[in-house]
Asker: 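What follows is a single structure, and I will ask about it in a moment.
Each chain gets a letter, A, B and so on, in the order the sequences are listed, and its residues count up from 1.
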Amino acid sequence: MPPIIDEDKCTLCGNCVDICTEDVFFGSKKKQLPRVTYPHECVYCNACVEECPAEGAVRLRLPLPMMLMYKPAPTA
Amino acid sequence: MPPIIDDSKCTGCGVCAEHCPQDVFFGSEIKKTPVIAFPEECWHCYACVLDCPVPEAIRLRTPVPMMLSYR
Amino acid sequence: MTHIIMAGEQMEADVLVIGGGPAGLMAAIHAAESGAKVTLIDKANTVRSGSGATGNDHFRAYIPAFHGPDMEPVVKEVAKSQAGWTRPQSFVRTWMKTSFDIVKMWDDWGIPMKHEGRWEFSGHTFPGKPFTTLKYSGQSQKPILTKEAKKRGVKIVNRVTAFDLITDHGISGAIGVHGREDKIITFSAKAVVLCTGGCVRLYPGPTPGWMFNRADSPHTTGDGRAMAYRAGADLLNMEIPMRWAGPKYFAKCGKATWVGVLRDPRDKPVGPFVTKPDRIYGDPISDSYKGLFEDYMKTGKGPVYMDCRGISNEDYDYMMHYMKHEGLHGILHHFDEEGIDLRENPIEFMTYEMTTRGGIHYNEKGETSMPGLYAAGDEYFGGISAAATFGWIAGGKAAGFAFGRDAPSKNAGKESSEALKNLVREMRNRKDGPSWQEINVALNQVMSDYIGPTRSDTLVEAGTAHLLRIKEKARKDLVAKNQHELIHCLEVLNLLDVAEVIFAAIKERKETREKYIRVDHPYKNPAFDEKVLVCRKGPEGPLTEWKAIND
């Protein structure tokens with residue numbers, strides 16, 4: 001479950017840790033890769049993604065139980 | 001959540017880890033106090049308590065949402 | 001992260017038994033007694049695995065010394081019971097005819113089948129009707145059956161979960177995954193007996209967000225049904241729902257072990273059968289009125305209590321003894337913790353979540369639709385006595401089959417073992433993606449919303465589309481951080497296959513009959529009388545077929 005951090009891209013700035021409303025990154029240390037301590041508590045507000053200076057360093061993955069129920073497009 | 005092991009009584013025999021149907025004690029090692037790796041997977045079957053050779057070395061705590069509704 | 005490599009291992013036997021509950025252990029014992037080389041694999045440890053792990057106390061049986069020489073009234077009664085009503089009478093007749101031999105065997109081996117030296121029948125019985133459930137003390141049934149199997153040379157391999165049958169040139173064994181080591185084991189065998197138990201964790205349990213508060217063992221996840229289906233065998237009656245009832249919130253089977261009267265909050269009995277606690281009958285109202293507990297809640301008349309107040313001292317001791325033997329240790333412990341005394345405190349009861357009543361189509365010889373593949377026990381719901389009896393029968397037949405054929409070729413299973421190795425290696429090495437819990441929860445909600453109590457064509461269509469999406473993502477994205485999680489991943493893949501079959505079967509049965517309800521077809525369709533619905537794997541999903549009941 002979200003968020004997912006790309007170790008190669010993360011600059012260790014700590015913005016996501018500072019901004020997260022739910023404190024999903026609780027226990028993370030400055031200048032270190034953030035810890036995703038409480039992934040279940042993510043509310044998909046996208047703040048961490050918005051505040052991240054390195055594109056693609058953090059992303060959210062939607063849990064499967066939250067997938068929308070959609071009708072398949074008719075096949076041609 | 002269950003189970004709870006009394007370090008001072010447990011002999012490290014490993015029977016609870018061997019018998020647990022849900023493998024709640026996954027990762028435990030013989031001669032050491034068992035690891036309670038997946039407490040939320042306990043089915044309350046009591047195999048660990050029934051088969052433990054030492055009285056009261058292991059017990060299960062009933063989780064609050066499973067408390068019976070009685071009057 | 002270190003890269004996980006899956007080790008390979010080979011084992012051989014004449015008969016491979018998958019699952020070490022009462023059915024599997026009895027199958028292994030009989031096959032070994034018949035002279036076969038037998039291997040039994042169990043997801044956990046046969047000493048305490050499955051729904052009968054720490055006990056059972058009711059055993060359907062025909063005991064000549066108790067019932068008299070005429071077996072037919074017992075056969076008729078069992079055929080009408082929750083354990084028999086979807087079975088042909090010929091099946092029930094074989095079951096009852098063999099049951100006494102099994103009872104004598106168990107008693108000889110040290111599982112007490114008598115109460116104070118006599119045959120005692122009680123519970124699950126309506127006044128005036130024949131008794132069919134023998135009371136026994138089953139707390140040690142699993143350790144005892146394990147000992148008997150070992151005594152006969154059965155090789156027991158614990159903590160291995162079978163995931164695929166080997167089908168090269170007929171049934172030739174199975175491939176298993178170790179639950180504690182990164183290891184795949186190929187079991188080559190001349191005949192296979194599936195005994196993996198029931199199908200728990202399809203629907204959400206009674207506690208929101210909790211996976212393991214279940215009436216039956218939560219590690220029985222339809223593995224046998226899914227394996228048989230993938231191999232091409234017939235599944236039967238998968239659309240027919242089954243629900244247990246028992247104490248509210250602490251889910252455990254065994255309501256017939258309670259000696260009390262089911263009453264409303266103003267102490268009025270909710271059924272007509274008993275007015276005071278009676279150990280012979282219990283209160284059978286919930287056997288004939290399955291919606292009882294829910295209906296009372298929905299209409300505001302509830303809740304309904306199991307009320308043991310007024311029980312005699314003798315019956316109280318009897319009930320407490322058998323609660324222990326039914327495996328209700330957790331509930332007994334909770335009584336102590338909470339200071340609950342059944343002589344004073346009525347306990348609320350509820351109906352638990354659905355599962356499927358159907359399963360692998362096996363006949364009175366334990367044969368499935370595929371030669372060399374046998375099944376027993378809760379691979380199709382029947383309870384403990386059916387498990388022991390048909391396990392015994394299937395084991396004997398499987399040994400006979402094995403003697404008549406050559407060992408599978410050395411290469412059998414190579415391809416499927418490589419495929420499984422790749423699948424599990426990917427799950428173990430993936431860095432992020434859905435855990436097994438996530439898939440299981442996604443499955444639970446689609447089951448309860450689209451084929452829960454309300455079932456119709458449009459719901460089935462929408463639900464099927466969603467289920468297939470979940471299934472695709474599961475195969476592609478599941479992550480297992482260790483071997484324990486890996487087994488749960490395989491379980492959810494099995495549950496998804498079973499779910500797909502249930503959806504297909506519901507789509508096909510456009511009618512309402514007994515406990516099967518289609519809101520858009522609220523009538524019985526006589527075209528389906530004397531017929532059963534069979535499902536098997538087709539090139540693009542499950543195929544369905546109506547068959548005459550005794551086929």
Asker: Ring of B:Trp43, cation from C:Lys252 - is the NZ or CZ under 6.0 Å from the centre and inside 45° of the axis?
Answerer: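 Here C:Lys252 passes the 6.0 Å and 45° test against B:Trp43.
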Asker: Identify which part of C:Ile340 has an atom lying under 4.5 Å from any heavy atom of chain B, answering side chain, backbone, both or neither.
Answerer: side chain
Asker: Could you tell me which of C:Ile487, C:Asp216, C:Asn158, C:Thr207 has the largest number of non-hydrogen atom pairs under 4.5 Å with chain B?
Answerer: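 Looking at each of C:Ile487, C:Asp216, C:Asn158, C:Thr207 in turn, C:Asp216 comes out on top.
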Asker: Can you check whether C:His329 and C:His333 have ring centres sitting under 6.0 Å from each other?
Answerer: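 Centroid separation for C:His329 and C:His333: 6.0 Å or greater.
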Asker: For the candidates C:Ser49, C:Pro346, C:Gly330, C:Ala44, which exhibits the highest count of non-hydrogen atom pairs separated by less than 4.5 Å from chain B?
Answerer: C:Pro346
Asker: Given that the side chain runs from C-beta out, which part of C:Thr46 has a heavy atom under 4.5 Å from chain B: side chain, backbone, both or neither?
Answerer: neither
Asker: At a 4.5 Å cut-off on heavy atoms, which part of C:Phe335 comes close to chain B: side chain, backbone, both, or neither?
Answerer: side chain
Asker: Tell me whether B:Arg71 forms a cation-pi arrangement with C:Tyr305, defined as NZ or CZ under 6.0 Å from the six-membered ring centre and within 45 degrees of its axis.
Answerer: yes
Asker: Of the non-hydrogen atoms in C:Leu495 and C:Thr221, which two are nearest, and what is the gap between them?
Answerer: CD2-O, 3.5 Å
Asker: Pick one of side chain, backbone, both or neither for C:Gln139, based on which atoms fall under 4.5 Å of a heavy atom in chain B.
Answerer: side chain
Asker: Among C:Gly327, C:Ala251, C:Pro265, which has the most heavy-atom pairs under 4.5 Å with chain B?
Answerer: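 Looking at each of C:Gly327, C:Ala251, C:Pro265 in turn, C:Pro265 comes out on top.
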Asker: Exactly one of C:Arg48, C:Arg180, C:Arg159 should register a salt bridge (Lys or Arg N to Asp or Glu O under 4.0 Å) with B:Glu18. Which one does?
Answerer: C:Arg180
Asker: Report yes if some heavy atom in the side chain of C:Val479 is under 4.5 Å from a heavy atom in the side chain of C:Trp436; otherwise report no.
Answerer: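 No, every pair of side-chain atoms sits at 4.5 Å or beyond.
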Asker: Is it the side chain or the backbone of B:Leu60 that comes within 4.5 Å of chain C heavy atoms, both, or neither?
Answerer: backbone
Asker: In terms of heavy-atom pairs under 4.5 Å, which option from C:Pro218, C:Pro303, C:Ala53, C:Pro247 contacts chain B the most?
Answerer: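 Heavy-atom pair counts peak at C:Pro218.
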Asker: Can you confirm if the aromatic rings of C:Phe212 and B:His44 lie within a centre distance of less than 6.0 Å?
Answerer: no
Asker: Who among C:His334, C:Met306, C:Glu344 has the most heavy-atom pairs with chain B under 4.5 Å?
Answerer: C:His334
